[in-house]
Each structure stands twice: as structure tokens, then as C-alpha cells.
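Notes for the one structure printed next.
Here is how names work: the chains are called A, B, and so on, in the same order as the sequence lines, proteins then strands, and each is numbered from 1. These numbers were taken from a predicted model, which means no experiment stands behind them.
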Amino acid sequence: MDLLSDLNPEQRKAVTIQRGPILILAGAGSGKTRVITYRIAYLLHKKYAKPENILAITFTNKAADEMRTRIFKLLGDSHRMWIRTFHSTCARILRETSERIGITRNFTIYDEHDQLSLIKDCLHDCNIDTKAITPATVLSCINKIKQNLASSDHIDDELIRVLYKQYNKKLGDYNAVDFDDLILKTVELFRTDENVLMRYQNRFKYILVDEYQDTNRAQYELTKLLAAKHRNLCVVGDDDQSIYSWRGAEIKNILDFEKDFPDAVVIKLEQNYRSTKTILKAASGVVENNEYRKPKILWCDNDVGERLEVFEAVDAYNEAAYVARKIMELKLQDFNLGDIAVFYRINYQSRVFEECFIKYQIPYEVIGSLKFYERAEIKNVLAYLKVVTNPRDSVSLKRIINIPSRKIGYTTIEKVLSYGKEHNLTLYESLLQIEKITSIDRKTKKRIQDFVAMINGFIELSDTLSLYEFVLEIVKDSGYLESLAQEKTEREYIRRKNVEELLISIKDYAKEYPDATLRDYLADVSLRSEIDEWNATDERVNLMTLHNAKGLEFDIVFITGLEDGLIPHYKSQYELKQYEEERRLLYVGITRARKKLFLTFARQRDLFRGDFTYTTLSPFFREIPVDVFATTMESGLEM
DNA sequence: CAGGAGGGGCTTTTT
DNA sequence: GCCCCTCCTG
């Protein structure tokens with residue numbers, strides 16, 4: 001098979017091992033995606049596996065789409081394989097078997113915003129002041145418990161234990177799950193139902209997990225359960241690129257793989273094909289200072305390349321102007337704007353770059369900050385769809401009952417809710433019995449009855465219309481589109497444009513997946529991230545956080561805001577494990593660059609409007625070997 | 001009882 | 001800049 005000729009000996013070994021557990025420690029730019037795709041192609045080509053026996057897990061939907069495309073190019077077919085993220089894999093498994101865990105196929109997936117609404121309701125129910133404990137704190141505790149597969153009996157904090165139970169009870173009542181539930185409930189299902197587990201074990205004879213260093217406890221457990229029978233588990237990752245511990249990721253999953261599978265074949269990919277020698281030297285200089293890592297040496301055969309340019313800016317505006325000027329120079333040198341990326345630690349930093357790039361007329365794309373599917377107007381439309389598929393979803397129902405304004409306000413909802421609590425009914429069921437609630441006046445009852453009649457009408461329609469026609473019907477009939485059409489303010493205009501954009505995207509979706517139901521659509525969009533939507537083009541500079549940069553590469557990279565308190569972030573300064581993760585974050589950023597790297601920092605930065613602080617240089621900056629820097633610096637940098 | 005206007009608080013990273 | 005809370009009006 002000639003595809004093996006594209007590979008170096010280590011890569012080839014990883015691709016051709018027929019069975020058993022494999023750990024691939026793949027340094028940055030060492031061709032790990034190539035190894036995974038070629039391995040899948042090889043297994044199928046050699047008839048070791050059928051397409052339906054393959055489960056490949058990626059970190060983002062975008063990575064999954066790319067992998068599918070690559071396999072399609074190699075084999076001419078990529079159907080029946082499962083190439084998905086952990087979350088979308090589990091969503092699908094739960095959909096196929098949901099009745100066994102007490103939810104229906106129509107379950108709603110709650111995002112962080114929905115989770116917070118639910119937690120606020122719980123706090124409200126328990127008469128707890130949000131000043132005593134913030135909803136965000138509760139959310140973070142709940143997520144952690146689920147990510148670590150912790151038992152609720154072992155929660156020390158009484159308050160959290162009560163809230164945790166209440167929160168989960170509500171999710172159950174609403175026929176809804178949160179992100180972490182997708183994994184957690186699948187693990188629980190596999191643990192309790194041997195037949196279901198066996199069905200999936202038999203199906204997935206070969207399992208491949210990418211970015212294994214960023215799996216959490218629940219994902220680890222899920223992987224182990226699925227692979228227990230055939231033991232053809234191939235995990236790929238790099239401990240130096242583990243940057244999601246705050247989301248429950250445990251670096252020890254990759255460090256201890258050989259303990260879990262003593263017969264594992266370990267393959268190290270240490271040749272970097274991406275960057276210049278200079279860039280690699282800078283990256284190594286930084287990451288070598290970490291204590292928690294497997295020792296390794298990344299090397300490359302590429303050119304020495306250009307040295308790193310450093311700029312000390314007066315403030316963030318000066319920093320952005322420098323980046324803009326450099327980008328104009330690069331453009332004159334025939335670089336595509338699409339080959340250029342600007343990275344920063346926090347989304348907030350993107351604003352100054354945006355302002356500046358508009359002024360300099362540099363086309364750009366911001367990836368991540370204001371996520372399309374998290375915009376209020378988009379969530380409103382989706383909430384209508386969620387209520388129609390799952391009327392028990394009270395978070396969505398509450399969201400839309402008065403959007404557009406129907407004069408059904410807070411006090412009325414409270415009355416309906418307390419009636420529901422008394423009679424053990426969901427919000428929707430209570431609305432159906434609105435006649436019986438004596439404390440609500442005639443006029444309000446009429447408004448509610450009209451609303452319920454409208455929703456019921458939508459539910460009936462959902463079977464007869466196509467996905468696109470149906471959504472169009474809803475935004476028109478509900479009066480939502482019209483309410484945005486007033487265009488009194490710039491904001492309302494943008495909102496309407498966004499809703500129209502959503503309609504177009506639904507049309508495209510329906511074209512791509514003609515068989516997809518409303519339920520499929522909702523599951524898909526609930527699990528889509530901003531990076532998934534991003535399409536690299538030649539014409540626009542890419543702006544994103546260091547986290548979003550993982551797995552990507554660009555000719556030219558700017559890493560900005562190299563200041564103490566930003567990289568490392570001030571909240572991660574005090575604990576060594578977090579501190580080292582910040583160092584890895586910088587390492588990830590540096591290793592994205594193929595040809596040229598720019599580092600910038602600002603002497604003062606406005607934390608938020610008008611409040612300036614003087615900064616000091618990032619301690620990580622001093623770890624970069626001095627001889628990789630260009631000698632001609634734009635300012636008198638004190639080293 | 002609904003809803004708009006105005007004021008104060010806080011911002012890490014995201015499937 | 002965004003969200004949430006409060007206060008006031010109709």
C-alpha cells in the first residue's frame with residue numbers, strides 16, 4: 001500500500017500495528033493527525049476492520065470533519081464510521097438507548113447559560129441569596145463532580161450536595177441533560193446495562209482517541225469501558241499540550257496509560273515537520289521548565305528560519321498598531337492574510353485589535369468571543385424549537401413565553417410555577433391547566449391560552465413541514481421576526497440579520513443532511529463550537545485565544561499580551577499545576593507557527609474601561625533562549 | 001402587573 | 001461592554 005511511503009518509520013509503526021493498545025506520544029507538529037487518518041485507512045484497507053467498527057474521537061467537531069474529509073480522500077468512502085467528539089458520540093449513544101436511563105429521545109442539551117438559569121432557579125427555590133454563593137460557583141462545583149464521576153454522597157459541602165440533587169432533579173423533570181451529563185450518563189448506562197455495553201463493544205472493534213492529554217475522568221472511564229473487550233485502543237496526545245485541566249482534564253490519563261495497559265506499545269513521534277529550528281528552540285526553552293512532564297526532545301530538519309521579533313508596546317492600542325503595521329508589511333511580502341494569526345490569553349483582548357484593524361482596513365475574523373449560537377436572538381429561536389420537540393424543557397419555555405412581549409410577566413410565571421409545584425406538574429402542563437389557577441386574572445389567562453395554542457399548533461406542524469419551512473413558520477407566526485423588524489436601533493437590526501443568518505444556515509444544513517430531523521438539528525447545533533464554524537480563508541487575519549489555537553497552524557503567528565498576570569493569568573499564578581499549564585499554553589501558541597513568530601507585550605493595560613495598570617513582563621518570556629531573538633528590536637527592551 | 005430606564009458590578013480559558 | 005438589579009410609570 002503506497003500510503004505508507006508518506007510516513008517515517010515511527011509513524012509507519014503506529015499505522016500498521018494490527019491490534020492491542022497503543023500509546024502515541026506525538027510532539028507538536030509531528031504529524032499525529034496524519035497517523036490517525038492513515039491508521040484508519042490502513043485498518044480498512046487490510047480488512048482488519050469494517051467502517052462501522054471504527055470509533056475515532058476528536059477534540060472538536062471541526063477536527064472530526066477534517067479527519068472525515070482526509071479519510072474520504074484516501075479511501076473514497078467515510079460512511080458508517082463514527083468520527084466525533086466525546087460529547088457528540090455520547091449524545092448519539094444516549095439517543096439510541098435513552099429510554100433505559102429515564103429520558104426520552106427528545107431530550108434537550110443545556111449549555112452553560114441554560115445551566116446557570118437552572119441553578120438560579122434552584123437557589124431561588126431553596127431561598128438562598130446569590131450573594132451567599134454565586135450561581136457560577138455552584139456551576140463549577142456541579143461540573144467538577146460530574147467530570148470526575150464523583151458520587152453525590154461524597155460531597156462534603158452540605159449546600160452543594162442539596163443544590164446538586166435539586167439541579168439534577170430538575171434536569172430529569174425537564175427531560176434535559178447538560179454537557180457533562182452526556183458523558184456521565186453514558187458511563188452509568190454502560191456500567192448498569194451489560195447488554196448495551198456489549199452491543200457497543202462489539203461494534204467498535206477499533207477505538208482511536210486524539211488529544212488524549214485533555215480527557216477528563218469520565219471520558220477516560222468511558223474509553224476504558226468501550227475498549228475493554230477488543231482492547232484495540234489507540235490514544236494519541238502530548239502531555240506538553242494539556243491545557244484543559246480547568247475543564248476537568250487529567251494529564252495523568254496519558255502519563256499513566258502504560259499502567260492501565262501494561263502491554264501497550266509506546267511510540268514516540270519526535271520529529272517536527274511544521275516549524276523552523278528557531279521557533280522550535282524557543283518553544284523547547286519554555287516548556288523544559290515544567291516539572292510535570294515526560295522528558296522528550298523535539299527536533300526538526302527544517303530551516304533555521306528567521307529570528308523572533310519582539311515589541312514592547314506602551315499600551316494595548318500601541319500593541320495592536322504594531323501588529324497591524326507588521327501585517328501590512330507581510331502582505332507586501334506576498335503572505336496571505338489567512339496565513340497570519342493573532343493569539344491572546346483572554347477574549348476581551350480581541351476588542352482593541354478589532355478597532356485597530358478596522359482603522360487600518362485589515363480584514364480579520366475573530367474566532368470565539370461572541371459565539372453565534374450563544375447570542376440571545378439565536379437562543380430565542382432555538383428555544384422555540386426546543387420547546388416544540390420537548391415541551392417539558394421549562395428553561396426554554398420560560399425563555400420564550402414572553403418573547404416577543406405577550407404581557408405575560410414575572411409575577412404570572414411565579415403563580416403558574418407554584419401551582420405546578422403543588423400539583424407536581426411541569427411548567428407546560430401547568431399552562432395547559434391555566435383555567436384552574438384562581439389567582440390569575442381573565443386577561444392574562446387568555447394570553448396564556450393563546451400562547452399554548454400557538455405552541456400546540458407548532459407541535460402539530462412539525463411533522464408536516466420541512467425543517468427550514470418549519471423554522472420559518474415559527475419565527476413568523478410567533479411574531480418574533482416582526483418584533484425585530486422595527487429596526488429602531490442598530491442593535492435590533494443586527495439581531496434580525498443574525499436570525500436571517502440562522503435561517504440560511506438551517507437551509508444549508510437541510511441541504512447537507514436531507515434526512516435530518518428537527519431533533520438531529522438541535523443536537524448538532526447544541527454541540528457546535530465557534531471553531532467548528534470557522535472556515536479558513538486566504539483573505540482574513542485570524543484572531544483567537546491560545547486555547548482555540550490548539551491543533552491549528554499558521555505561517556505567521558503573533559502572541560500578544562506576554563505580561564505577568566495575563567500569561568500566566570493572575571488566577572493561575574499560585575498553584576504550580578495551574579502555573580505549569582499556563583506555560584504549556586504559551587508552548588502551544590509558539591508551536592503553531594510555521595515560519596515566523598512575533599511576541600508582544602504592553603507596559604500598561606486597561607483591565608476594563610479606564611482603569612490602567614502597569615504591567616511586568618511574563619516570566620515565561622525570560623525562559624526563551626536569547627539567541628533566537630532578532631538583534632534589531634523596535635524598542636529598548638530590558639532583558 | 002408589565003416593562004422600560006438608569007445605575008452598579010464584574011470579566012480566563014470552553015465541549 | 002454586558003448583565004442584573006432597582007425604581008418608576010402607565
Heavy atoms under 4.0 Å is the rule here; annotate nucleotides 1-7 of chain B 5' to 3' with B where the base is hit, S where only the sugar-phosphate is, and - elsewhere.
SSS----
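A:Asp214 pairs by the salt bridge (Lys or Arg N to Asp or Glu O under 4.0 Å) definition with A:Lys550, not counting sequence neighbours. Considering only residues two or more places apart in sequence or on other chains, A:Lys170 meets the salt bridge (Lys or Arg N to Asp or Glu O under 4.0 Å) condition with A:Asp125. Residues meeting the salt bridge (Lys or Arg N to Asp or Glu O under 4.0 Å) test with A:Glu188, sequence neighbours left out: none. Residues meeting the salt bridge (Lys or Arg N to Asp or Glu O under 4.0 Å) test with A:Glu580, sequence neighbours left out: none. Partners of A:His113 under the side-chain contact (heavy atoms from CB on, under 4.5 Å) rule, at least two apart in sequence or in another chain, are A:Asp111, A:Ser117, A:Lys379, A:Arg399. Evaluation of the side-chain contact (heavy atoms from CB on, under 4.5 Å) rule for A:Lys252 yields A:Glu250, A:Asp256 as partners, not counting sequence neighbours. In this structure A:Thr85 satisfies the side-chain contact (heavy atoms from CB on, under 4.5 Å) test together with A:Thr58, A:Asn61, A:His87, A:Ser88, sequence neighbours excluded.
In this structure, the CG atom of A:Leu585 is 13 Å from the C1' atom of B:dT14, given to the nearest Å. Atom-to-atom, CG of A:Leu139 to P of B:dT14 comes out at 15 Å; the value is rounded to the nearest Å. Note: CD1 (A:Ile346) to C1' (B:dT12) measures 7 Å, nearest angstrom. If you take CD of A:Glu374 and P of B:dT14, they are 10 Å apart, rounded to a whole angstrom. The CD atom of A:Glu112 sits 10 Å away from the P atom of B:dT14 (whole-angstrom rounding). Distance A:Gln349 CD to C:dG1 P: 18 Å, rounded to the nearest Å.
For A:Arg345, taking side-chain heavy atoms from C-beta onward, the closest of the listed nucleotides C:dG1, B:dT13, B:dT15 is B:dT13. The nucleotide whose nearest atom lies closest to any side-chain atom of A:His569 is, among B:dT12, B:dT13, C:dG1, B:dT12. Ranking C:dG1, B:dT15, B:dT13 by closeness to the A:Asn347 side chain, first place goes to B:dT13.
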Interface polar pairs with nucleotides 3-10 of chain C, N/O, under 3.5 angstrom:
residue, atom, partner, partner atom, Å
C:dC4, OP1, A:Lys120, NZ, 3.0

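Taking the side chain as every heavy atom from C-beta outward, A:Asn542 and A:Val342 never approach each other to under 4.5 Å.
Judged by centroid separation below 5.5 Å and plane tilt below 30°, A:Trp246 stacks onto the base of B:dT13.
Remark: A:Ser88 is not in phosphate contact with B:dT15, judged by side-chain N or O atoms under 4.0 Å from OP1 or OP2.
Summarising the local packing, NZ of A:Lys577 is surrounded by 12 or fewer heavy atoms from other residues, nucleotides or ligands at distances under 6.0 Å.
Nucleic acid contact class of A:Tyr570 (heavy atoms, under 4.0 Å, all strands): none.
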